[in-house]
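This report concerns only the one structure given below.
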Amino acid sequence: MGNNYFDPIGLHVDPGTTVRFELAAGAHSATAYENRIPADASAFDSGTISSGAFEYTFEEPGTYDYYCIPHKSVGMVGRIVVGSPGGPAETSPIPNGDVPESDAIVEQGAIEYGTNTGGDGSSDGGMMGHGMGSGPGMVNGRNGGWFGGLPFVGGALGMLGLVGGLLYWALGRGDAPAESDDSAMETLKRRYARGEIDEVEFQRRRERLVQNQEN
């Protein structure tokens, strides 16, 4: 259980296996959808906990979908397949967020939050923690709202930052006069703007230059 996600988001176990839901951050629950577990299974519910862990022994074969009570609305859901897939969870999309396909879970054994499921697509993790994303191979096939778009947005912002940095560097070089009388202070400021020196080093050198000028 992390920050609004379960990790792994998909897990395959044999009947009779006890699964331990450990809390890594925040306050979360592991709560089964009563209508998305095998017919003969009992619905587990840890209640919202802020420390420790919750254990449940999965006896009945089939597919179990579960969620976090406080973070269901942001897609904190998970899936456990006991033995082989089956039951109500296989007949309709999970209502909050996305989980990996059961066949992919069985094939891989465990699917981490945010990992690619292979040919079927990607899943978004499994501990109690962050919001769920989606991709091909997720049960719902939705794009997961802005949570699912975070990796793309992060990549785009990273590229913009890189391009902006290169432009700033190029403009800085263009602004730098070719004459040899360029002051040490201007050189220092350009090196700081280009990221060649950090804030602490910039301030140290700047103070030294100011002192030299005063002397």
Side-chain angles (χ1 to χ4, degrees), residues 1-33 36-38 41 43-49 51-87 89-90 93-145 147-148 150-151:
M1 304 177 179
N3 281 322
N4 307 340
Y5 66 94
F6 294 97
D7 191 18
I9 186 172
L11 180 66
H12 178 236
V13 299
D14 294 326
T17 299
T18 298
V19 175
R20 180 180 175 87
F21 297 84
E22 295 185 346
L23 190 67
H28 307 285
S29 81
T31 305
Y33 290 94
R36 301 187 65 81
I37 60 175
F44 58 89
D45 182 11
S46 67
T48 302
I49 59 176
S51 63
F54 167 72
E55 293 185 350
Y56 180 79
T57 301
F58 291 83
E59 302 286 359
E60 297 297 328
T63 304
Y64 295 71
D65 284 348
Y66 57 97
Y67 62 94
C68 168
I69 294 173
H71 304 106
K72 178 170 64 172
S73 62
V74 297
M76 186 170 172
V77 294
R79 168 168 287 185
I80 293 176
V81 178
V82 180
S84 57
E90 298 295 335
I94 192 169
N96 308 101
D98 296 293
V99 292
E101 296 283 358
S102 296
D103 290 341
I105 294 174
V106 172
E107 180 182 349
Q108 298 184 36
I111 297 179
E112 296 179 358
Y113 180 84
T115 340
N116 196 291
T117 61
D120 291 330
S122 60
S123 74
D124 279 82
M127 287 169 57
M128 300 185 178
H130 3 307
M132 309 298 303
S134 70
M138 304 299 288
V139 168
N140 285 8
R142 298 194 298 267
N143 58 16
F147 291 96
L150 282 178

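As the structure is a prediction and not an experimental result, all values here were calculated from the model.
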(request) Return the set of residues passing salt bridge (charged side-chain N to carboxylate O under 4.0 Å, His left out) with E55 (not counting sequence neighbours), or none when no residue passes. (result) R20
(message) So does H12 get a backbone contact from the side chain of R79, meaning a donor-acceptor N/O pair under 3.5 Å?
(response) no
(message) If I take atom CD1 from residue I37 and atom CD1 from residue I80, how far apart are they, to the nearest 0.5 angstrom?
(response) 11.5 Å
(request) Identify, with sequence neighbours excluded, every residue that meets side-chain hydrogen bond (donor to acceptor under 3.5 Å, both in side chains) alongside S51. (result) none
(message) Between T63 and G87 (side chain of the first, backbone of the second, donor and acceptor by atom type, cut-off under 3.5 Å), is there such a pair?
(response) no
(message) Ignoring hydrogens, what is the shortest heavy-atom contact between A27 and P70? Give both atom names and the distance.
(response) O-CG, 4.0 Å
(request) Taking all heavy atoms of V106 and all of G83, pick out the closest pair and write down the distance. (result) CG2-O, 4.4 Å
(request) Enter the distance from E101:CD to E90:CD here, rounded to the nearest 0.5 Å. (result) 8.0 Å
(request) Might you point out which heavy atoms bring A89 and D65 nearest each other, and give the distance in Å? (result) CB-OD2, 3.5 Å
(request) Walk me through it: do Y33 and I94 pass the test side-chain contact (heavy atoms from CB on, under 4.5 Å)? (result) CA-CA 9 Å; Y33 290 94; I94 192 169; 3.9 Å; yes
(request) Could you grab the distance from atom OG1 of T17 to atom CD of E59, nearest 0.5 Å is fine? (result) 9.0 Å
(request) Give a yes or no on whether the ring-centroid distance for Y66 and F21 is below 6.0 angstrom. (result) yes
(message) Could you measure the distance from the CE atom of M76 to the OG atom of S29? Nearest 0.5 Å is fine.
(response) 7.5 Å
(request) Flag the pair C68 / T31 as yes when at least one side-chain heavy-atom distance between them is below 4.5 Å, and no otherwise. (result) no
(message) Would you compute the distance between atom CG of D103 and atom CD of Q108 and round it to the nearest 0.5 angstrom?
(response) 11.0 Å
(message) Would the distance check show the side chain of S46 and the main-chain N or O of A30 forming a donor-acceptor pair, the cut-off being under 3.5 Å?
(response) yes
(request) Give a yes or no on whether the ring-centroid distance for F44 and F58 is below 6.0 angstrom. (result) yes
(request) Please report the closest heavy-atom contact between P100 and I111, naming both atoms and the distance. (result) CB-CD1, 3.6 Å
(message) In the structure I gave you, are the side-chain heavy atoms of H28 and I49 within less than 4.5 Å of one another anywhere?
(response) no
(request) Would you indicate whether the side-chain heavy atoms of V19 and L11 approach each other to under 4.5 Å? (result) yes
